[in-house]
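Some notes on the structure that comes next.
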Amino acid sequence: MANQGDEKKIVYDFRSIEEKWRKRWDESRIFQAPEKPDKKFYLLVMFAYPSGDIHMGHFRNYTLGDAVARFKMMNGYDVLHPFGWDAFGLPAENAAIKRGLHPNEWTLKNIQVSRDTLKKVGISFDWNREIASCLPDYYRWSQWIFLRMFEKGLAYRKQAKVNWCPTCNTVLANEQVINGLCERDDSPVEQRELEQWFLKITDYAERLNNSLDTMDGWPDSIRAIQKEWIGRSEGCEIVFKIDGSGEDLPIFTTRPDTVYGVTFMSIAPEAEILGKLSIPDEYKAAVDEYIEKAKRKTEVERAAGEDKDGVFTGCYAINPFDGSKIQLWVADYVLAGYGTGVVMAVPAHDQRDFEFARKYDIPIKVVIKTKDGVVLNSDKMTEAYTEYGEMVNSGEFDGTPGNKAIPETIKYTEKKGIGKAQINYRLRDWLISRQRYWGTPIPVIHCPKCGAVPVPDKDLPVILPEVENYLPKGRSPLADVPEFINVSCPTCGGDAKRDADTMDTFICSSWYFLRYLDPRNESEVFSKDAAKAWLPIDQYIGGAEHAVGHLIYFRFFTKFLKDIGLLDVEEPAARLYNHGMVNDEKGHKMSKTRGNVVSPIGLIENYGGDIARMAMFFKAPPNVPIDWTDDLVINMAKFVGNKFFPLVNNYDSDTKVDLKYYFNKDELTIDEFRMYVRLNQTIKQITHDVELFQFNTVIAALMKFLNEFKPEQLNQNLVNYSVLKLIQLIAPVAPCLAEEMWESCGQGYSVFQTDWPVFDPDAIVADTITVAVQVNGKLRGEIEVDSEADQETILTEAKSNDKVKTHLEGKSIVKEIYIKGRLVNLVVK
RNA sequence: GCGAAAGUGGCGGAAAUGGUAGACGCGCUGGAUUUAGGAUCCAGUCCUUCGCCGGGUGGGGGUUCGAGUCCCCCCUUUCGCACCA
């Protein structure tokens, strides 16, 4: 740890240097994006939740984005690199309650503190475009988008069984329930029957699913997670009839080919169809009791039941294929929300149905032959046969081969009008209303006569009122604010009440990237021209934990806004990069309760922001989690202080170097030319690595070059040329340092407005090259040859190498392989 | 159970497209310098060996002149989904 009082240890005066350049950037507005870019690059980092000061995770994420932004600037792009605050929501509210503050006060204070820190870090954000989702001029447009969805029937109210967190005192979206527990506080989530607001994201399930196939700028892992979450499933709807009443009893199945094997059906306890059954008296009590019991269980309890159980209703259905009578059961393993809430059970060919049938002595009927053409004996089966195969015991379908069985049965249902091909999704509609204070008010008025009436656009925003008591108590605190709640109906003028709920904060983050494009627009959510100019996001950087939340929601919003004509793009972000976490030295997550938080501010004050970020970059690629240790930064400070920064001492600012043109190579000695080659290899390497965000090897390449660079042995021209190139190459990674060095070489302001170095292709191929020589694939020697030498010369040379010769003795060469400029392999026997 | 990613020295991690495995750094070991500490410099550091040779990228097979990289099987770890009919 550098001792602040000990001047000898300060390797360069990072404090004044960093302050100087931050100020300079700010004054010259170098990071301000133009309205109309020529060559655009929209770089988006996930905006921050202001729950305190920013931490090492933010620091890592945002310095990564910063390096990319600066690199793109140097490659001639107009870079849009905005920032803002995801300021509404439960965490801010909970934190504020704990401290006895108002959420607004708490949030705004945190924003200020965090903003100051980020400015101190010198991130290249365009602060002119800063937004905060808790401010009326932002959430006004969240309300506006909500109303557009309402108009299209995509925002709707529904009485439904919903997830309720008893600790947060609010409902939660499916995406916020992890293993039946609240993602915030791990409380077991209860099911409550409530009327709530939903967004019909399911209308977009197919498009959300299909676009994933073309999104090759996204990590495969995220795409796979989203695919699974959307859960597309191809199958068939088949309409059975209730025996007696003849009422329809539709089911969804992916295995219509097993329909002749149906021996019972399972109905979810919550399924509405149950009301249509006339359950015989002798079964009624047991069924009612089972349903009551099932409803009291939590999701986890229901899922945990290893043994599937259920109860027979005494009712039957008719199989439309063969007219057979099917027992109807109620079973709580059936999900009311998927398909129709009714499952056709085929015990011979579905493992769960098999176990259920064995338990309750229900017949098992084999209707699919095995691969070997065997018809299994149902009495002797120990498990279901779930493979596809030829149909058997299936009436007119007998003999239909496995690959045709499903299409043929589907075709039949359509011909007979007893069903149809159908695609189901696991994705559910998004529950967005919250019974909490700190969020965007839902812009709807409930009128006893007119029902749910949208607030007219001209009355937006619906301002979140200041309240005394915002503690959660199971219904929205806004419900107890008469001035807010009591209004007249916009349609009929009669007494009406505002909706008291607020929106899920993920609404705010579903479109923030659009507001950045036109953040001060008072008449529109954003201008279409701005959207056309900047979209899609060229690079999005953020955590993988948002895979099934935010990263689906913002895709959904984009598609919706395209459909109403505001956007041209189908997808918001062309490329996505997931950064890794920063843990403490023992690999534990940094947290205030653990007391192991390393502050970016402390690092900046003791070592400088450039050293801190270089240390972080050097440790590992940015997508790999790292364990922070102070020696990272200590060692980086040594490298910069001893090796890198002193480079400018070797620069002679009287010697003019023209960086735009080829260096005069003819003047160089052989050793100097070798160094020139190494420089160009380094340029090539670093450019390649920066493009892949491999900043660890960027710094390694710089170190390696400096290990070989001996300025005192080289002519001054070459030294100057090399130093300038190196400063540019390292600028994205160490911006203040680079500016300072650039200036002290007499190059003026700013290094970020110079062109990124391009390697000299002539210098990549040297006059002589080293070729590796293998015998039977094993390295046996190296030869130095003229780079122009032909294959024959090289092979002759290789065979005459002393080391190689010993391995050739007494053997005959059966094959000679030459890989140009790299290696020779002699195959001997 | 299903899906995805990944297994390389004491450690973090390098090896673009199959072509010199272990770059760069940490740590460690010797040495130099220094009143001392810190710092700095030089040398060494995958295993085995004085050296050559040999072995080596989780394990086992395969393709190839040549495999960390491609294919098959297995093991382990991490992450995501977990009754989806």
Side-chain angles (χ1 to χ4, degrees), chain A residues 3 6 8-9 11 178-180 219-229 231-233 235 251-255 258 265-266 268 299 302-306 308 331-335 337-346 349-353 356 424-428 544-545 547-548 615 618-621 623-627 629 631-632 634-636 638-639 641-642 684-685 688-689 691-692 694 696-707 770-782 803 806-807 813-828:
Chain A
N3 184 337
D6 188 345
K8 271 196 280 185
K9 283 181 190 162
V11 289
I178 312 293
N179 292 328
D220 289 344
S221 56
I222 298 285
R223 291 199 282 170
I225 289 170
Q226 292 205 353
K227 277 245 158 184
E228 205 167 312
W229 187 260
R232 183 178 194 274
S233 172
I251 58 93
F252 172 76
T253 180
T254 53
R255 293 298 301 271
T258 64
M265 295 180 104
S266 298
E299 292 241 337
R302 274 170 73 160
E306 283 159 33
K308 309 302 169 210
D332 72 2
Y333 71 83
V334 181
L335 305 173
Y338 186 76
T340 61
V342 184
V343 176
M344 73 170 214
V346 185
H349 305 292
D350 179 281
Q351 186 57 23
R352 211 175 25 205
D353 298 342
F356 197 90
N424 258 11
Y425 295 92
R426 295 163 78 156
L427 186 71
R428 309 295 166 79
E545 67 275 15
V548 295
F618 184 52
K619 170 83 174 172
N623 57 352
V624 172
I626 59 171
D627 299 337
T629 51
D631 60 307
L632 292 176
I634 293 167
N635 289 316
M636 189 54 69
K638 284 183 201 166
F639 166 74
N642 296 336
K684 193 180 176 194
Q685 179 76 50
H688 170 264
D689 290 353
E691 273 161 1
L692 296 176
Q694 295 253 8
N696 54 332
T697 50
V698 167
I699 295 173
L702 173 73
M703 288 172 165
K704 190 179 163 76
F705 180 82
L706 291 186
N707 285 345
T770 308
V771 175
V773 184
Q774 297 180 333
V775 177
N776 285 347
K778 295 204 188 266
L779 180 70
R780 297 305 180 190
E782 282 177 356
K803 270 182 151 179
T806 62
H807 291 276
I813 296 172
V814 292
K815 200 167 179 181
E816 296 171 349
I817 292 143
Y818 173 58
I819 307 298
K820 196 168 185 301
R822 307 201 63 158
L823 145 161
V824 168
N825 190 14
L826 303 169
V827 186
V828 300

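All chains are named by letter (A, B, ...) in the order of the sequence lines, taking the proteins before the strands, and each is independently numbered beginning at 1. All values below come from the heavy atoms of this structure, side chains included, with hydrogens, waters and symmetry mates left out. In this text the structure is predicted, and so the values were computed from the model without any measurement.
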Base, sugar-phosphate, or nothing for [X], non-hydrogen atoms under 4.0 angstrom?
{"X": "D631(A)", "answer": "sugar-phosphate"}
{"X": "P219(A)", "answer": "nothing"}
{"X": "N707(A)", "answer": "sugar-phosphate"}
{"X": "L823(A)", "answer": "base"}
{"X": "Q774(A)", "answer": "base"}
{"X": "V827(A)", "answer": "sugar-phosphate"}
{"X": "V334(A)", "answer": "base"}

Closer than 4.0 Å, any side-chain N/O of [X] to the OP1 or OP2 of [N]?
{"X": "Y333(A)", "N": "rA85(B)", "result": "no"}
{"X": "K638(A)", "N": "rA39(B)", "result": "yes"}
{"X": "N825(A)", "N": "rG19(B)", "result": "no"}
{"X": "R232(A)", "N": "rC84(B)", "result": "no"}
{"X": "R780(A)", "N": "rG54(B)", "result": "yes"}
{"X": "N696(A)", "N": "rA14(B)", "result": "yes"}
{"X": "S233(A)", "N": "rA85(B)", "result": "yes"}

Give the rounded distance in Å between these two atoms: [atom1] of [X] and [atom2] of [N].
{"X": "I222(A)", "N": "rC79(B)", "atom1": "CD1", "atom2": "P", "value": "15 Å"}
{"X": "N424(A)", "N": "rC84(B)", "atom1": "CG", "atom2": "P", "value": "13 Å"}
{"X": "D353(A)", "N": "rC84(B)", "atom1": "CG", "atom2": "C1'", "value": "13 Å"}
{"X": "K704(A)", "N": "rG22(B)", "atom1": "NZ", "atom2": "P", "value": "10 Å"}
{"X": "E816(A)", "N": "rG19(B)", "atom1": "CD", "atom2": "C1'", "value": "17 Å"}
{"X": "R426(A)", "N": "rA82(B)", "atom1": "CZ", "atom2": "C1'", "value": "7 Å"}
{"X": "I634(A)", "N": "rG38(B)", "atom1": "CD1", "atom2": "P", "value": "13 Å"}
{"X": "M703(A)", "N": "rG13(B)", "atom1": "CE", "atom2": "P", "value": "16 Å"}

Next item on the list: Quick one: pull up OH in Y818(A) and CG in L823(A) and give me the separation to the nearest 0.5 Å.
Entry: 9.5 Å

Can you tell me which nucleotide in [options] comes closest to the side chain of [X]?
{"X": "Q685(A)", "options": "rA85(B), rA23(B), rA16(B)", "value": "rA16(B)"}
{"X": "F618(A)", "options": "rA4(B), rU40(B), rC24(B)", "value": "rC24(B)"}
{"X": "I178(A)", "options": "rC81(B), rC24(B), rA85(B)", "value": "rC81(B)"}
{"X": "K684(A)", "options": "rA85(B), rA23(B), rA16(B)", "value": "rA16(B)"}
{"X": "F252(A)", "options": "rA85(B), rC24(B), rA14(B)", "value": "rA85(B)"}
{"X": "W229(A)", "options": "rC24(B), rG19(B), rC81(B)", "value": "rC81(B)"}

Taking a pair as Watson-Crick or G-U wobble with both distances under 3.5 Å, which nucleotide is matched to [N]?
{"N": "rA5(B)", "answer": "rU77(B)"}
{"N": "rC11(B)", "answer": "rG25(B)"}
{"N": "rU69(B)", "answer": "none"}
{"N": "rA85(B)", "answer": "none"}
{"N": "rC41(B)", "answer": "rG31(B)"}
{"N": "rU64(B)", "answer": "none"}

Separation between the [atom1] atoms of [N] and [M], rounded to whole Å:
{"N": "rG7(B)", "M": "rC28(B)", "atom1": "P", "value": "28 Å"}
{"N": "rG22(B)", "M": "rU57(B)", "atom1": "C1'", "value": "9 Å"}
{"N": "rG44(B)", "M": "rG54(B)", "atom1": "P", "value": "23 Å"}
{"N": "rC65(B)", "M": "rG59(B)", "atom1": "P", "value": "25 Å"}
{"N": "rC79(B)", "M": "rU64(B)", "atom1": "P", "value": "40 Å"}
{"N": "rU69(B)", "M": "rG58(B)", "atom1": "C1'", "value": "16 Å"}

Taking C-beta and beyond as the side chain, do [X] and [Y] meet within less than 4.5 Å on heavy atoms?
{"X": "I225(A)", "Y": "V548(A)", "answer": "yes"}
{"X": "L706(A)", "Y": "F639(A)", "answer": "yes"}
{"X": "D350(A)", "Y": "R255(A)", "answer": "no"}

Minimum-distance pair of heavy atoms, taken over all atoms of [X] and [Y]:
{"X": "I251(A)", "Y": "T340(A)", "result": "CA-OG1, 3.5 Å"}
{"X": "A615(A)", "Y": "M636(A)", "result": "N-CG, 3.8 Å"}
{"X": "N696(A)", "Y": "P621(A)", "result": "ND2-CD, 3.4 Å"}
{"X": "S233(A)", "Y": "Y338(A)", "result": "CB-OH, 3.5 Å"}

Note to self: Among residues at least two apart in sequence or on other chains, which ones pass side chain to side chain donor-acceptor pair (under 3.5 Å) with Q694(A)?
What the structure shows: none

Next item on the list: Classify the glycosidic conformation of rG58(B) as syn or anti, calling it syn when the angle lies within 90° of 0.
Entry: anti

Checklist line | Earlier contact from the 5' end, RNA chain B, for D350(A) and I626(A) | finding: I626(A)

Item checked: 5′-ward residue of the pair V624(A)/G341(A) relative to RNA chain B -> V624(A)

Next item on the list: Would you state whether a donor and an acceptor, one from the side chain of E228(A) and one from the base of rG80(B), lie under 3.5 Å apart?
Entry: yes

